[in-house]
J.: 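Input: one structure, supplied below.
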Amino acid sequence: MDLELTSEPTLFVEVLLPVPIPGTFTYRVPVAMNDLVQKGVRVLVEFGARKLHTGIIADIHNRPPKNYQAKYLLDLLDDSPTVNELQLKFWNWMAQYYVATPGEVMKAGLPAGLKLSSQSRIQLRPEFDIEEALDLEVLSDKELRLLRSLEQEDSIPYEQAADILEVKNPYYIVKELVRKEAILLFEAVKDKYKPKTKKKLRLNPIFLETEEGLEQLFASLGTKQKAKQEEVLMKFLMMVPVLTNPASNEEGIDKKELLEGGTSQVSASSLTTLIRNGILEEFEFIVSRFEEDEYSATRYQDAEVKLSEAQQAAESQVLGYFEEKDIVLFHGVTGSGKTEVYIELIKKVLDSGSQVLFLLPEIVLTAQMVVRLKKIFGDLLGVYHSKFSDNERVEVWKGVADGRYQVVVGVRSSIFLPFENLGLIVVDEEHEPSYKQYDPAPRYNARDMALVLAQMHKAKVVLGSATPSVESFYHALNGAYGLVQLKKRFGDAQLPEVTLADLKLERKRKTMKEDFSSVLLEQVRNSINEHKQVILFQNRRGYAPYVMCEDCSWIPTCPSCSVSLTYHIHRNQLRCHYCGHSEAVPKSCVQCGSTKIRTMGVGTQKLEEDIKFLIPEARVQRLDQDTTRKKYGYQQIIQDFEQRHIDILVGTQMVSKGLDFDHVNLVGVFDIDRMLNFPDFRAEERTFQMLTQVSGRAGRKKDKGLVVIQTNNVKQTILHKVARADYEAFFRKEIEERKQYHYPPFTRLIKLSVKAEDRDKASAAAGLLARELVKKLGAKRVLGPQEPVINKIRNHYLMDILVKLERQKVNPQKVKEIIREVLGELDGDRQFRKVYVNIDVDPV
DNA sequence: AGCACGCCGACT
DNA sequence: GTCGGCGTGCTC
C-alpha cells in the first residue's frame, strides 16, 4: 500500500483559550477529526498538567510548532461554529485596541454557559490487585482505605477523597496511588448548558391501534386501587381527545396540568403506577426559558406607530444621512419621542432582511423600553440582560445564531452576540458611562465598539441621547457623523421649570429641616396634597457616607481601602463600597472612648427616613442598588410607582433613566455640589447630563413640572444652563475648555494604574514607567505618576499615569505597542515582582 | 489567572 | 518525618 497516497495530512489548530496570556495555543488535530475542524468551533483541550479548558478554533494550518510538542485536541464540542469569523475578527480588533489578550476578550464575550466546567475524578485501575499489593505490604493504611472505598464505585470526585481519608488535602495520597498504578485520575467534563424541559404525558399508542383498544385499556387496569387509576385516565381522556384527534396525543399534555389543572386534583401516585405499567408514557419536552407572552404572536407589520411630523422629519433626515454617512447622532430632548423614530428605522432594516442591535445602558433594561419593543417586534426580539442566568444567555446566543431573533435589545455585552448580518445598531443614551467596562480587562466601551462592529458588518449606527457626550457632538458638528435634532417635546409637553434652592441662605436663616430646604419641602407638600408624585434624587446609597466621633473627629475607615466606611441602617453596620468589607458600628470611639458617634452626610436611606418623618402621610419607597438586588426588584418598584402605590420615590441615578411617569410633577435634587466638585475633567459634563435626565422625569402631558436643585452656590453657571435646557451653550463652553487643556475629543487618553501591596514599590514602579514613557513619547504626553485620591483598594496601593495623545498627530496603536514594550521591561525586572499594571484605553 | 512544584518552618 | 504556607515559573 502506498502510504503517501492514503495518509492524511497532519493538521494543527490555533486555539483561543480564556486565559490572560497573549496569543493562541497550537494543538494537533487527531486524524479522525481532520474533516470536522473548522474555525469558530469549540474544542476541549488539556492545558497545563491537569486543567481542561474550552477553547475556540481561531485558525487551521499544517505547520508543526518548532520548539515544543503540540498536544492533541481532546474533543470537538460543536458540529457548526459557535463563533463566526466576523466575531473572531472583532475580538481580535478589540484585544488590540484595548491592550488586552484575545483570551480576555473571549472571556468577556462568550457566555459562561458555553464554557465547560471540568472536575477531577478518581477511579480504581481495573487491573490493579489490592490483595496482591497487601501481601507485598506496599500500601499505607490511608491508601488502603481509599482503595476499599473505590471498590464500590465507578469513580468518585476528587474532593470526596478528602472526606473518606479525613484529611484536608488528599493530594499526596492520591499522587502516591497514581505512582503505584493503583488508581487513575481523570477529568470529567459536563456541559453547563441544559435546556429547560417540561414533563409531558401521552397515552401509549398501542391502545389506539385497534377499535377495542380503549376498552382493553380499562380492562387491563390492576384490581387494586382501580378507581383512582380510572379517575386519572378519565381526566386524561377528557383533556386529550385521543380518538378524534390522534395528533393531540402525539403532542401530549403537561404532567402538572393533568395533576393539578381543571376542576379536580387527581392522585399523583396512581399516575406513577399508570406510567410504570406502560399505559401512559412520560416524556420530556424542551421549552424556552422565555415565556411566550401575549405579544409573541404579533407581527411588527401589524403594530402601527404613528409618527408626529417632527418625528417623520427626523426619520427621513436620518435616512438621508445614511446615503453618505454610516453614523448619525440623534439629539432629541427628553420626551421628544426618539423611541418611535428608532422603531421605524428598525422596521425598515428588518424588512431589508438584516439584523438590528439595540443597545441600552444597564439599568433601564427591564423597564418600559423592553415592553414597548416586545409589543412591536414580538418573538423576533431577543433580550440580553445582566440579570439573566447563564442558561438564559445561551438561549439568546443560540437564538441570534440561528436567526430566530432578528432584533436584540441588550446591555453592553450584547455586542458579542453572533450576528451574521447586522444592518443597524442603535446606541440609546450614548453618553452613558455604563457602556464602559472597568474591570476586568478588556476595558471596552460598547458605544465605541458598536461603531467598529457596524463597520465590519457594513451596518449603520444611530447614537441617540438627550445630552450627547461632548465627543460625539463634536464629531457630529465636524461632519464625521450626521446630526439630527428633535428640540421639542412630543405632544407639546412643556419642559419643566427649574428652581435653585439656596442652601447657604436657608442655613443662615435656619429654615432647613434635616437636609430639606424650605423651598423644596413646601413643594413636596404641595405635590402630595394635589395627589401628584415626587422623585427625590440623591446619587449616594446607604444611610450616611460616613460616621464621626463628635468629640475627637475620628472617622472609621476601611482596613483594606483608603476610604471612610458608609453607614447602612438596616443592619446597623458600616460598609466599604469598594471592597465590600463590613463591620458593626463601634459603640464607642476607638480613639477617645466617647459614645457620641454621629452619622454625617446624606445617603438615600437617610433621605427616605427624613421624608417619612417630615411627611408621615406620604408613601415613600427607595430605589437604589440595595433595594433592587433581586431579579425583579427594580421592575416591582417601578410598577408600584406607576400604579401610584407610591407617592415619593427616593433614589440614586436609577430614578433618572428612561422612565416616563405621567403623574410626577416635582423632582428634588440633592448634593449636586459634590458632583460638580469631583476632580475629573468630565465632572461638569456628568452633572449636566444627570440633571437634565432627572429633570426630564418631571411633568408630562399638559402639566408643567418643577425641578428644585439644592445647592450651596447658586451662582454656578452650569445650573442655569440646565435650567434653560441649553445643551448647546453647555457644549460651547465645555469644548473650549477641552481644547485649552488638551482633553478629549482633542486628545486620546490612556490611563495606566500601577498596583502593589507595598506603597513604595508601587511608587517606584510607576516612576520608572513614567520615565520610560517620557523618553519615548515626550514629557508633554505623560502626566504623573500621581497618587489617586483613593490610593488604596483591597490592600493594594495605587499610582496613576495618564498618557495624552493628540488626535491628529499620533498613531495610538504605535503608542500601545510602546506601552506593551515598557510593561514587558517592568515585568522582567525582579525588583518589581508582584506589581500589576492596568491599562485603561479611553477611560471615562 | 490558575496551578504544580519546591523550599522552609511548625508540629505530632 | 508530615503538613501547609508561600515564592516562582509555565501553560501549546
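A note on names: the letters A, B, ... follow the listed sequences, proteins ahead of strands, and every chain is numbered from 1.
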J.: The side chain of Lys71(A) lies closest to which of these nucleotides: dT11(C), dG9(C), dC12(C)?
T.: dC12(C)

J.: Going through the checks in order, is the salt bridge (charged side-chain N to carboxylate O under 4.0 Å, His left out) test met by Arg447(A) and Asp842(A)?
T.: CA-CA 12 Å; Arg447(A) 181 244 286 151; Asp842(A) 307 331; over 6 Å; no

J.: Asp827(A) has an atom CG; how far is it from atom P of dG9(C), in whole Å?
T.: 12 Å

J.: Can you check the Gln831(A) CD to dG7(C) P distance for me, whole Å?
T.: 17 Å

J.: Tell me: CG of Leu73(A) to C1' of dC12(C), nearest whole Å?
T.: 11 Å

J.: Could you state the atom-to-atom distance from CG of Asn67(A) to C1' of dC10(C) in whole Å?
T.: 15 Å

J.: Measuring from the side chain of Phe47(A) (C-beta onward, heavy atoms only), which nucleotide among dA1(B), dT8(C), dT11(C) has the closest atom?
T.: dT11(C)

J.: Any heavy-atom pair between the side chains of Leu417(A) and Val408(A) that's under 4.5 Å?
T.: yes

J.: Starting from C1' on dC12(C), measure out to CG on Leu11(A) and report it in whole angstrom.
T.: 16 Å

J.: How many Å lie between CG on Leu16(A) and C1' on dA1(B), as a whole number?
T.: 15 Å

J.: Among dG7(C), dC12(C), dA1(B), find the nucleotide with the atom closest to the side chain of Pro20(A).
T.: dA1(B)

J.: Would a 4.5 Å heavy-atom cut-off, applied to side chains only, mark Ile750(A) and Pro812(A) as touching?
T.: no

J.: Could you check how far NE2 of His61(A) sits from P of dC12(C), rounded to whole Å?
T.: 15 Å

J.: Any carboxylate oxygen within less than 4.0 angstrom of a Lys/Arg side-chain nitrogen, looking at Glu131(A) and Arg148(A)?
T.: yes

J.: Looking only at N and O atoms, is any donor in the side chain of Tyr68(A) or the base of dC12(C) less than 3.5 Å from an acceptor on the other one?
T.: yes

J.: Are OP1 or OP2 of dT8(C) and a side-chain N or O of Arg830(A) less than 4.0 angstrom apart?
T.: no

J.: Atom CG of Leu44(A) to atom P of dC12(C): distance rounded to whole Å?
T.: 13 Å

J.: Just to be sure I understand the rule, does Arg833(A) reach a base, reach only the sugar-phosphate, or reach nothing, if contact means heavy atoms closer than 4.0 Å?
T.: sugar-phosphate

J.: Under the criterion side chain to side chain contact (heavy atoms under 4.5 Å, CB included), I'd like the reasoning laid out for Asn838(A) against Asp840(A): C-alpha separation, chi angles, the key distance, then a yes or no.
T.: CA-CA 6 Å; Asn838(A) 277 348; Asp840(A) 193 355; over 6 Å; no

